Structures are given as C-alpha cells and as structure tokens.
Amino acid sequence: MKTKAAIAWKAGAPLTIEEVDLAGPREGEVLVEIKATGICHTDYYTLSGADPEGIFPSILGHEGAGIVVDVGPGVKSLKKDDHVIPLYTPECRQCKFCLSQKTNLCQSIRSTQGRGLMPDATSRFSIDGKPIFHYMGTSTFSNYIVVPEIALAKIREDAPFDKVCYIGCGVTTGVGAVLFTAKVEAGANVVVFGLGGIGLNVIQAAKMVGADKIIGVDINPARQDIARKFGMTHFVNANEVENVVDTIVQLTDGGADYSFECIGNTTTMRQSLECCHKGWGQSIIIGVAAAGQEISTRPFQLVTGRVWKGSAFGGARGRTDVPKIVDWYMEGKLNIDDLITHRLKLDDINQGFDLMKSGESIRSVVLY
Ligand SMILES: NC(=O)C1=CN([C@@H]2O[C@H](COP(=O)(O)OP(=O)(O)OC[C@H]3O[C@@H](n4cnc5c(N)ncnc54)[C@H](O)[C@@H]3O)[C@@H](O)[C@H]2O)C=CC1
Ligand SMILES: N[C@@H](CCC(=O)N[C@@H](CSC=O)C(=O)NCC(=O)O)C(=O)O
Ligand SMILES: [Zn+2]
Ligand SMILES: [Zn+2]
C-alpha cells in the first residue's frame with residue numbers, strides 16, 4: 001500500500017512530504033493507521049545529526065497514537081480497530097530484561113530497531129524500490145506504519161488521539177521518571193532542569209505525589225508561568241544567578257532529594273548531581289546528550305551519598321503502564337491539553353521543529 005510520510009533524507013535537512021510504499025505486516029506484526037503524533041526533542045536530536053544511531057533516509061517520529069488496520073500471522077493480543085500507542089520501548093514479557101523485573105528496557109528487538117529495521121532485519125518502507133529506514137521502531141511521521149505486536153499498547157477507545165499521542169513519549173517519560181524511576185515521596189524537594197515537553201511532566205508528577213519544593217531551572221523566562229501552573233514553586237533562571245548549584249542548595253536547606261535533568265546538556269547533568277543533598281539525593285538523567293559527550297564530577301560527590309541514575313521512557317513498561325497513564329489522563333489526574341501548544345498538518349511538520357527550536361512551543365502535535 002501507499003502511505004504519506006515525512007522523510008528525513010539527510011542530517012540537518014528539512015523533512016519532505018512524500019508518498020512511500022509500505023509492505024504489509026509479517027508474522028507478529030501489525031499495520032496501524034497513525035491519527036496523531038507529537039514532535040519530541042529527540043526527533044530533532046536525530047535529525048540534527050548528533051545521534052550516533054541516526055540513519056538516513058528514514059521516517060522519524062515516536063510519539064503517536066492510532067488504530068489497528070490489519071494484523072499479520074500469529075498476532076494474538078490485538079485485532080482490527082483496536083486503539084493503540086506505538087512503543088519505542090517494547091515489552092515482550094519474555095526476554096531476560098523483561099523477566100528481571102528490574103528494568104523496562106526490553107531488549108528483544110533492540111538491535112534491529114537501532115539499525116532502522118524490523119525484527120527480521122528488513123524495512124517495510126521503500127520509495128522506487130529503495131528502502132527507507134524505520135526510526136525507534138515507530139516512525140510515527142508516517143500516516144501508516146508496521147510495528148511488532150510487542151511494541152503496541154492497547155488503549156481505551158474514548159481517549160482522544162490528538163492528546164494521548166503525547167503519552168507515547170513525553171508524558172510517560174516525565175511522569176514515569178518521578179513515579180517509577182525515582183519513586184519520589186510526599187514532602188520531598190525536587191529540582192527540574194529544563195521546563196520543556198518532558199520537564200513540565202516531571203513537575204506535574206512531582207506535584208501529584210505531594211512534593212514540597214518543586215524548583216524549575218531554565219534559561220527561557222517564558223517557561224515560568226506554565227511551570228507554576230503545573231506545580232513549580234520556585235524558578236531559577238540559570239542565566240541570572242551566579243551559581244546554579246549554590247542557589248539550589250540554599251533554597252533546599254542542603255540540597256535536593258531528587259533532581260531531574262530534562263535538557264540533554266552535560267553541564268546541567270553535572271549541576272543536577274551536585275545540587276543533590278549529601279547522603280541521599282538522587283539525580284535522574286533523562287536528557288539525551290549528543291554523540292561524543294561525556295559527563296564528569298568529583299567521585300567524592302558519589303562517595304558522599306549522592307546517586308546518579310538514568311531513566312528511559314520513564315521506566316515504564318509500555319504495554320502494562322501506558323494504558324494506565326491514558327486512564328489517569330481520562331480521569332483528569334494528568335493535564336495534557338495545556339502542554340499541547342500547537343497543532344499542525346503533516347505538510348507543515350517542519351514548522352513544528354522551528355517552534356521547538358525557538359522555544360515557542362511546548363509540544364506540537366501533527367494531525368493526519
Ligand atoms: N530518556 C528518555 O526516555 C527521553 C529523553 N528525552 C530527552 O529529554 C530532553 C528534553 O526533551 P524535551 O522536553 O522534549 O525538550 P524541549 O526542547 O521541549 O525542552 C528543553 C528545555 O530545556 C531548556 N534549556 C535548554 N538549555 C538549557 C540550559 N543550558 N539550562 C537550562 N535550561 C535549558 C529549554 O529552554 C527548554 O525549556 C531532550 O534531550 C530529549 O532528547 C526525551 C524523551 C524521552
Ligand atoms: N540513539 C540514541 C539513543 C537516545 C536515547 O537514549 N533514547 C531514549 C529515548 S529518547 C525519547 O525521546 C531511550 O529510550 N533510550 C534507551 C535505548 O535503548 O535507546 C543515542 O545513541 O544517543
Ligand atoms: Zn521522545
Ligand atoms: Zn523483553
């Protein structure tokens with residue numbers, strides 16, 4: 001069949017909208033019509049050429065929601081017309097990682113996914129017979145996609161696609177980092193570096209669990225109002241204070257119980273660790289830093305009890321947790337609507353990247 005998609009032909013070039021050939025689902029695969037997709041900073045990161053796994057030509061996008069159109073042989077858990085969210089972190093429930101119960105990082109298809117291919121090491125997308133690569137196993141900048149059954153969360157049918165697509169990455173990443181990775185407790189002091197599409201979700205989850213001080217750090221003062229609306233109690237403009245770490249340590253009487261880096265900058269990653277409370281403070285790294293970047297600190301920071309952790313997809317097990325997060329949104333426990341600042345047609349998808357780069361948007365959503 002044919003599908004309309006935004007193609008990333010090479011690093012740094014604008015996406016072009018084209019008709020693409022899409023082969024049908026094979027064993028264990030599902031054909032999905034994507035109804036809406038968010039644009040995450042990670043799409044920009046890969047398009048920019050900074051991603052060591054970036055591969056071109058490819059179809060980016062990993063924050064989608066849609067409807068099952070067809071299923072391949074052997075698919076048991078999904079059927080035509082089911083509503084789904086594609087998962088860049090699948091949940092096979094059989095691999096060593098899934099069975100460990102210690103991580104959400106299912107590895108059953110990670111190596112082919114990282115090479116832009118389906119689990120059988122081929123692509124379903126092509127133009128004039130030449131393969132176009134998949135991205136993060138999802139490629140939601142295509143109206144139709146083929147994905148493995150284990151990379152789809154089945155969601156309730158009354159959930160609006162144009163909102164819950166954001167649960168495919170940003171909402172789950174921010175909310176999950178608080179609930180599943182850090183397990184923030186009521187009364188904790190929390191610091192959030194970067195008040196964008198991820199950081200604001202960290203803030204709303206920190207408020208949800210009853211955190212005491214919720215300190216936001218950003219260089220864009222325009223982020224202050226929306227962050228306060230979501231639960232931020234103090235704002236630090238990193239460009240206006242002499243020392244970000246000292247400012248936070250003073251505000252928190254010794255340091256944060258939990259800090260979250262939601263930028264992808266190695267300087268703020270270090271600040272995120274060093275602003276933590278001696279003895280127990282935990283720094284959770286969410287931001288993705290460019291190829292070749294490294295983090296550093298004095299080992300003394302760790303010896304004296306601060307903890308550096310990472311969080312991918314918020315530590316969420318997609319098929320299990322994503323349907324619950326959709327329920328929380330539908331029950332009014334999570335605010336997604338106010339974070340979706342722009343709605344675009346696929347033809348205008350490059351504007352979504354411009355809005356992100358200029359700091360005008362929190363999340364842009366493309367509607368098919
Ligand atoms: N670990 C994971 O599973 C995931 C990681 N990410 C990563 O999280 C990061 C954030 O993504 P989004 O929220 O979508 O990005 P965004 O572009 O919406 O937000 C980034 C925010 O950081 C602020 N910022 C930039 N430089 C700063 C600095 N030096 N100091 C203070 N603030 C600064 C910006 O003003 C903006 O408000 C990215 O690196 C993205 O790749 C995104 C999704 C999932
Ligand atoms: N290819 C990138 C990896 C970037 C990365 O860390 N991705 C996150 C999700 S970011 C979503 O917006 C992730 O889930 N990581 C775990 C994984 O297995 O990739 C690079 O190499 O930098
Ligand atoms: Zn993302
Ligand atoms: Zn697994």
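Here the structure is a predicted model, which means the values were calculated and not measured. Indexing begins at 1, ligand by ligand and atom by atom, following the structure's order.
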Got the closest protein heavy atom to [atom], with its distance?
{"atom": "atom 6 (O) of ligand 2", "result": "Val288 CG2, 3.7 Å"}
{"atom": "atom 2 (C) of ligand 2", "result": "Asp51 OD1, 3.2 Å"}
{"atom": "atom 12 (O) of ligand 2", "result": "Thr42 OG1, 2.6 Å"}
{"atom": "atom 15 (N) of ligand 2", "result": "Ala312 CB, 4.0 Å"}
{"atom": "atom 21 (O) of ligand 2", "result": "Pro52 CG, 3.5 Å"}
{"atom": "atom 3 (C) of ligand 2", "result": "Glu53 OE1, 4.1 Å"}

Does [X] come within less than 4.0 Å of [Y], counting only side-chain N to carboxylate O?
{"X": "Glu185", "Y": "Lys183", "result": "no"}
{"X": "Lys4", "Y": "Glu33", "result": "no"}
{"X": "Glu149", "Y": "Lys76", "result": "no"}
{"X": "Lys229", "Y": "Asp338", "result": "yes"}
{"X": "Asp327", "Y": "Arg156", "result": "yes"}
{"X": "Asp225", "Y": "Arg228", "result": "no"}
{"X": "Asp348", "Y": "Lys345", "result": "no"}
{"X": "Glu29", "Y": "Arg124", "result": "yes"}

Should [X] be counted as touching ligand 1, given the test is an N or O pair under 3.5 Å?
{"X": "Met356", "value": "no"}
{"X": "Ser311", "value": "yes"}
{"X": "Gly314", "value": "no"}
{"X": "Ile198", "value": "yes"}
{"X": "Cys262", "value": "no"}
{"X": "Cys169", "value": "no"}
{"X": "Asp218", "value": "yes"}
{"X": "Ile263", "value": "yes"}
{"X": "Tyr45", "value": "no"}

Give the atoms of ligand 1, by number and element, whose distance to some non-hydrogen atom of [X] is under 4.0 Å.
{"X": "Gly264", "answer": "39 (O)"}
{"X": "Cys40", "answer": "42 (C), 43 (C)"}
{"X": "Asn220", "answer": "35 (O)"}
{"X": "Arg363", "answer": "14 (O)"}
{"X": "Gly287", "answer": "7 (C), 8 (O), 9 (C), 39 (O)"}
{"X": "Gly194", "answer": "21 (C), 22 (O)"}
{"X": "Ala312", "answer": "1 (N), 3 (O)"}

Practice problem: Check whether any side-chain N or O of Ser58 sits under 3.5 Å from a backbone N or O of Ile55 as a donor-acceptor pair, and report yes or no. | Solution: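 At least one qualifying donor-acceptor pair exists.
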Exercise. Using a cut-off of strictly less than 2.8 Å, determine whether His41 has an N/O/S atom near the Zn ion (ligand 3).
Key: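 False for His41.
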Quiz item: Judged by non-hydrogen atoms, does Glu63 sit under 4.0 Å from ligand 2?
Solution: no
Quiz prompt | Sub-4.0 Å heavy-atom contact, His41 with ligand 2 | solution =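 The answer is no: ligand 2 sits nowhere under 4.0 Å from a heavy atom of His41.
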Exercise. Check the angle between the aromatic planes of Tyr44 and Phe353 and answer parallel, tilted or perpendicular using the 30° and 60° thresholds.
Key: tilted
Quiz item: Should the pair Trp280 and His277 be assigned to parallel (<30°), tilted (30 to 60°) or perpendicular (>60°) ring geometry?
Solution: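 Parallel: the ring planes of Trp280 and His277 meet at under 30°.
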Exercise. Report, rounded to 10°, the angle at the Zn ion (ligand 3) between the two atoms NE2 (His62) and SG (Cys169).
Key: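 Vertex the Zn ion (ligand 3), arms to NE2 of His62 and SG of Cys169: 110°.
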Quiz prompt | Distance-minimising heavy-atom pair for Ser126 and Val20 | solution =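 Of all heavy-atom pairs spanning Ser126 and Val20, the closest is O-CG1, 3.4 Å.
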Quiz item: Nearest heavy-atom pair of Glu18 and Thr16: which atoms, and what distance?
Solution: OE2-OG1, 2.6 Å
Exercise. Compute the ring centroids of Phe313 and Tyr88, then answer whether they are less than 6.0 Å apart.
Key: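 Between Phe313 and Tyr88, the centre distance is under 6.0 Å.
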Exercise. Examine the proximity of ligand 1 to Thr42 and report which part, side chain or backbone, both or neither, has a heavy atom under 4.0 Å away.
Key: both
Quiz prompt | Close side-chain approach of Val84 to Ile67, heavy-atom, < 4.5 Å | solution =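 Not in contact.
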Quiz prompt | Option whose closest heavy atom lies nearest to atom 18 (O) of ligand 2, chosen from Gln113, Gln293, His62, Arg110 | solution =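 It is Arg110 that holds the nearest heavy atom.
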Exercise. Look at atom 29 (N) of ligand 1 and find which of Asp51, Asn265, Thr181 reaches it with the closest heavy atom.
Key: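 The residue whose heavy atom sits nearest atom 29 (N) of ligand 1 is Asn265.
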Quiz prompt | ligand 2 N/O within reach of Thr89 N/O, cut-off under 3.5 Å | solution = no
Self-check item: N or O contact, Tyr88 vs ligand 2, cut-off under 3.5 Å
Solution: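 There is no such contact.
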